[in-house]
Amino acid sequence: MSVLEEAARRRTFAIISHPDAGKSTLTEALALHASAISEAGAVHGKAGRRGVTSDWMEMERQRGISVTSAALQFEYRDAVMNLLDTPGHADFSEDTYRVLSAVDCAVMLLDAAKGLEAQTLKLFEVCRYRRLPVITFVNKWDRPGREALEILDEIESRLGLRPTPVTWPIGVAGDFQGLVDRREPDRVIRFTRTPGGATAVAERPERLEDAGGIAGLSAARDEIELLEGVDAWHDTEDFRFGRSTPVFFGAAVSNVGVRLLLDAIVDTAPAPYARATRTGGERNLEAPFSGLVFKVQANMDPMHRDRVAFVRVCSGVFERGEVLTHSATGRSFTTKYAHAMFGRERTTVERAYPGDIVGLVNAGSMRPGDTLYQKDVVEFPGMPTFAPEHFAAVRVKDAGKSKQFRRGIEQLDAEGVVQVLRSDRRGGQSPVLAAVGPMQFEVVLHRLEHEFSAPGALERLPYRTVRRTNAESRKRLERSHGIEVLERSRDGELLALFADDWRLAFVSRDMPEVTLEPLVAAVE
Ligand code: G4P
């Protein structure tokens, strides 16, 4: 098969949701449906189960979030699905953004009883910023919840996204009888409950006349008629331009509605396409190999204490062993160790195509946003650094561990776990950490202690707002009380931190010659 044919059958996507909406359950159901994993529970990161994709860190397990990201690959129909794991918490918006920069579509998962939750909204904003098409899956319909029409209203009014239901539930939430696929209105998909309480899914549509009486069917048909009245039909172009979202209903825990969702991903989500480059051009899929580093993670597995760069293939064919060029340093990189990361399990990848994810081991100097390429130089637009809103000075608790501490901070900085700021005034012993959300600090402390044996102590700093500035302005700013200027080690940018907005407004007004530029805002 040619590169174009291989690319055309790839679907690379991520699931965004509020914690507890059922992301792990849905991931598991999707993979099970495609028979990627044999043991139910294998993808689940929660305690007591064998975690496969996302439980590297103890802290993640305790909190039920996944900070580290991995990709799960499975085949479904003729397609190759790449499902990327996103952190389940908005404090990690920056990581989420990076993951979302490596996918072509997102599945927004909602809990039927809760609708759009705070974190879903934030994560959705990241999708919008990335112009990703979004498919909506309303989960837990087997439990009492909101009315389906109410959920649609919420999507429309709060996200400004037109919901176009593809399936419609029969029975209110909590009394789930089946689904109508609106494309085949004279058929129903019914579920049968087995004595153990589980639901045996016969996801094959039955003709209505054979189905007999189903409670809730006439109400469902009335609602479907209402939808037809407002012409809420799925339209692939509107969906791909981020104007509408196809909506599916189901119960991931019983595997209900999952096949229809998978079908939708294959049938309507975009396959990999030519990626825009920094110089304003495009890298065609059949051009020589290029890949985007979207995530760097060290020490994921105590058995393999190394640094892995996750690369999304953007063009050409990846072949293990070939020598690539690293955009940021211009140095060559031999891809001797290339893996598919299936949680703790690593399998060697010999070849990968656009849309696929490869984990490159020993990726010493790589950072998120870097490019790897063959032949013609290519760089993709950089990843924005979000405006931090939380600041803390960190120092090592035990001075005897200073070396490990320094190494740890450097490593976490390189991975982009947190932004590291420095100044002569504070010296090298106590850098300032800047974060979009405070949970990033917890990750830093946890990893300093467990991976680098250098427990750190944090002192929260009272700054709230940050602006980019320059060396000339620095002197003037530092004369004012409540303002501190530090250098971000990642890119050498000078950042001015302000204790409050009032001070920022004051400086902007009274010192017009001082340079103060906003950073990319954290997603509100
Ligand atoms: P997350 O990754 O988004 O945090 O959510 P997760 O899949 O862990 O699911 C959170 C809880 O919701 C789990 O229950 C899970 O079983 C349940 N759940 C997921 N999908 C459905 C569904 O379609 N219907 C119903 N009724 N429940 C669902 P838990 O009590 O936290 O754990 P468990 O011991 O039941 O697995």
Side-chain angles (χ1 to χ4, degrees), residues 13-33 37 39-57 59-70 72 83-92 95-96 99 106-124 136-146 148 151 167 169-179 189 191 193-194 196-201 203 247-262 343 439:
F13 67 104
I15 302 170
I16 55 163
S17 67
H18 193 92
D20 259 6
K23 184 161 64 110
S24 319
T25 311
L26 180 64
T27 302
E28 190 175 293
L30 288 170
L32 266 177
H33 228 95
I37 46 177
E39 182 193 330
V43 216
H44 218 295
K46 292 268 165 87
R49 296 181 220 190
R50 193 174 75 92
V52 171
T53 54
S54 50
D55 66 348
W56 289 295
M57 290 170 58
M59 198 183 98
E60 291 179 23
R61 274 199 300 275
Q62 285 162 2
R63 293 185 167 270
I65 55 166
S66 66
V67 181
T68 44
S69 298
L72 183 66
L83 169 50
L84 273 62
D85 193 11
T86 52
H89 198 286
D91 278 11
F92 303 107
D95 293 280
T96 304
V99 173
V107 172
M108 178 169 72
L109 177 68
L110 306 181
D111 181 327
K114 300 194 174 137
L116 289 173
E117 294 175 84
Q119 319 247 341
T120 334
L121 282 168
K122 288 198 176 189
L123 296 168
F124 172 77
T136 303
F137 187 81
V138 182
N139 191 29
K140 305 197 188 180
W141 203 258
D142 57 321
R143 279 226 209 117
R146 299 211 189 153
I151 293 174
T167 62
I170 304 171
V172 294
D175 182 28
F176 198 10
Q177 301 289 327
L179 287 169
I189 301 164
F191 315 118
R193 270 166 241 283
T194 55
T199 314
V201 185
E203 285 209 8
V247 181
F248 294 80
F249 292 82
V253 78
S254 347
N255 230 353
V256 175
V258 173
R259 183 184 60 80
L260 286 153
L261 175 64
L262 270 174
M439 227 188 255

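Indexing begins at 1, ligand by ligand and atom by atom, following the structure's order. Remember, predicted model here, so these are calculated numbers, not experimental data. The figures here come from the full heavy-atom set of this structure, side chains too, leaving out hydrogens, waters and symmetry mates.
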Between Thr167 and Phe248, which heavy-atom pair has the shortest distance, and what is it?
OG1-CA, 3.4 Å
For the 3.5 Å polar cut-off, considering only N or O atoms, please tell me whether Gly250 and ligand 1 meet it.
no
Going by distance only, is there an N or O of Pro19 that falls short of 3.5 Å from an N or O of ligand 1?
no
Nearest heavy-atom approach of Pro144 to Ala113 is O-CB, 3.7 Å
Sequence neighbours excluded, which residues qualify as side chain to side chain contact (heavy atoms under 4.5 Å, CB included) partners of Ala112?
Val138, Trp141
Pull out every atom of ligand 1 sitting under 4.0 Å from any heavy atom of Lys23, numbered as shown with elements.
1 (P), 2 (O), 3 (O), 5 (O), 7 (O)
Can you name the atoms of ligand 1, numbered from 1 with element, that are less than 4.0 Å from a heavy atom of Asp20?
1 (P), 3 (O), 4 (O), 5 (O), 10 (C), 12 (O)
Is it the case that ligand 1 has an N or O less than 3.5 angstrom from some N or O of Leu26?
no
Asp85 versus Lys23, closest heavy-atom pair with distance:
OD1-NZ, 3.3 Å
Relative to the heavy atoms of Ala251, which atoms of ligand 1 are at a distance of less than 4.0 Å?
23 (O)
Contact summary for Asp20 and Lys140, nearest pair of heavy atoms
O-NZ, 2.7 Å
Nearest heavy atom to atom 7 (O) of ligand 1 wins, so pick from Asp85, Thr25, Asp142.
Thr25
Can you confirm, on distance only, whether ligand 1 has an N/O atom lying under 3.5 Å from any N/O atom belonging to Ser254?
no
Contacts of Val172 that satisfy side chain to side chain contact (heavy atoms under 4.5 Å, CB included) - sequence neighbours left out
Asp175
